[in-house]
Amino acid sequence: QVQLVESGGGLVQAGDSLRLSCAASGRTFSFMAWFRQAPGKEREFIARISGSAGSALYVDSVKGRFTISRDNAKNTVYLQMNSLKPDDTAVYYCAATPYSLDRVLRDGYSYWGQGTQVTVSS
């Protein structure tokens, strides 16, 4: 069965770094992505990476601070988060799809992880 298992969340201070991991199993994916949801807010997309060439896309709020990457041998994606701010506090979710980008934009991602809590204190 398909599984996305996230890890790496925790409590850190502003300015610190943290790396999230998402280990995928069950099938291969064309795109994998990270989302986050702060308390009382809607879930928001923050970054994605392709399953082949590894091209990445970031939202402006994290661009230059966060880096998404993948390890194909482990079928794992990572989110390296640097210069963390209190506004980064949220539950972070890994998502994946075996389909094309246009289908992702139309229907959303097919699979989701359970989420991992990131808390950044001031």
Tightest non-hydrogen contact, residues Glu6 and Gly115, listed as OE1-N, 2.6 Å
Please report whether the ring centroid of Tyr93 lies less than 6.0 Å from that of Phe35. no
Who pairs with Phe66 by ring pair (Phe, Tyr, Trp, His ring centres under 6.0 Å), at least two apart in sequence or on another chain? none
Thr28 meets the side-chain contact (heavy atoms from CB on, under 4.5 Å) criterion, sequence neighbours left out, with none
Over all heavy atoms of both residues, which pair between Cys22 and Leu4 is shortest? Give the atoms and the distance, please. SG-CB, 4.0 Å
Less than 4.5 Å apart, side chain to side chain, heavy atoms only: is that true for Trp34 and Cys94? yes
Residues 102-122 vs salt bridge (charged side-chain N to carboxylate O under 4.0 Å, His left out), sequence neighbours excluded, gives Arg103-Asp107
List the residues meeting side-chain contact (heavy atoms from CB on, under 4.5 Å) with Gln80, not counting sequence neighbours, and say none if there are none. Ser17, Arg19, Thr67, Asn82
Is any side-chain heavy atom of Val104 less than 4.5 Å from a side-chain heavy atom of Tyr109? yes
Residue pairs, two or more places apart or on separate chains, that pass salt bridge (charged side-chain N to carboxylate O under 4.0 Å, His left out) and touch residues 8-17: none
Looking only at heavy atoms, which two atoms of Phe45 and Ala33 are closest? And how far apart? CE1-CB, 4.1 Å
Specify the closest pair of heavy atoms between Ile68 and Ala56, including all atoms of both residues, with the distance to one decimal. CG2-CB, 3.7 Å
Does one hydrophobic cluster hold both Leu101 and Trp112, with members joined at side-chain heavy-atom distances below 4.5 Å? yes
For a quick test of reading the model, state the closest non-hydrogen atom pair linking Ser110 to Thr97 and the distance between them. OG-OG1, 3.4 Å
Contact list for residues 3-33, test ring pair (Phe, Tyr, Trp, His ring centres under 6.0 Å), sequence neighbours left out: Phe29-Tyr111
Using the ring pair (Phe, Tyr, Trp, His ring centres under 6.0 Å) criterion, which residues pair with Tyr99? Sequence neighbours excluded. none
Sequence neighbours excluded, the answer for side-chain contact (heavy atoms from CB on, under 4.5 Å) partners of Thr119 is Leu11, Thr89, Gln117
Just how far is it from atom CD1 of Ile46 to atom CE of Met81, taken to the nearest 0.5 Å? 7.5 Å
Ignoring hydrogens and geometry, is there a side-chain-to-backbone donor-acceptor pair from Ser50 to Ser55 under 3.5 Å? yes
Tyr58: which residues meet the ring pair (Phe, Tyr, Trp, His ring centres under 6.0 Å) condition with it, sequence neighbours left out? none
Any pair with a residue in residues 39-61 that passes salt bridge (charged side-chain N to carboxylate O under 4.0 Å, His left out), sequence neighbours left out, goes on the list, sorted by first then second residue, please. Arg36-Glu44
Please check: side-chain N/O of Ser61 versus main-chain N/O of Val59, any donor-acceptor pairing under 3.5 Å? no
How would you list, by chain and number, every residue that makes a ring pair (Phe, Tyr, Trp, His ring centres under 6.0 Å) with Tyr92, sequence neighbours excluded? none
Distance (rounded to the nearest 0.5 Å) between Ser121 OG and Gln13 CD: 5.0 Å
Euclidean distance, Ser30 OG relative to Ile49 CD1, rounded to 0.5 Å: 12.5 Å
Is the shortest side-chain heavy-atom distance between Val91 and Thr116 below 4.5 Å? no
By side-chain contact (heavy atoms from CB on, under 4.5 Å) - contacts of Asn72 (at least two apart): Arg70
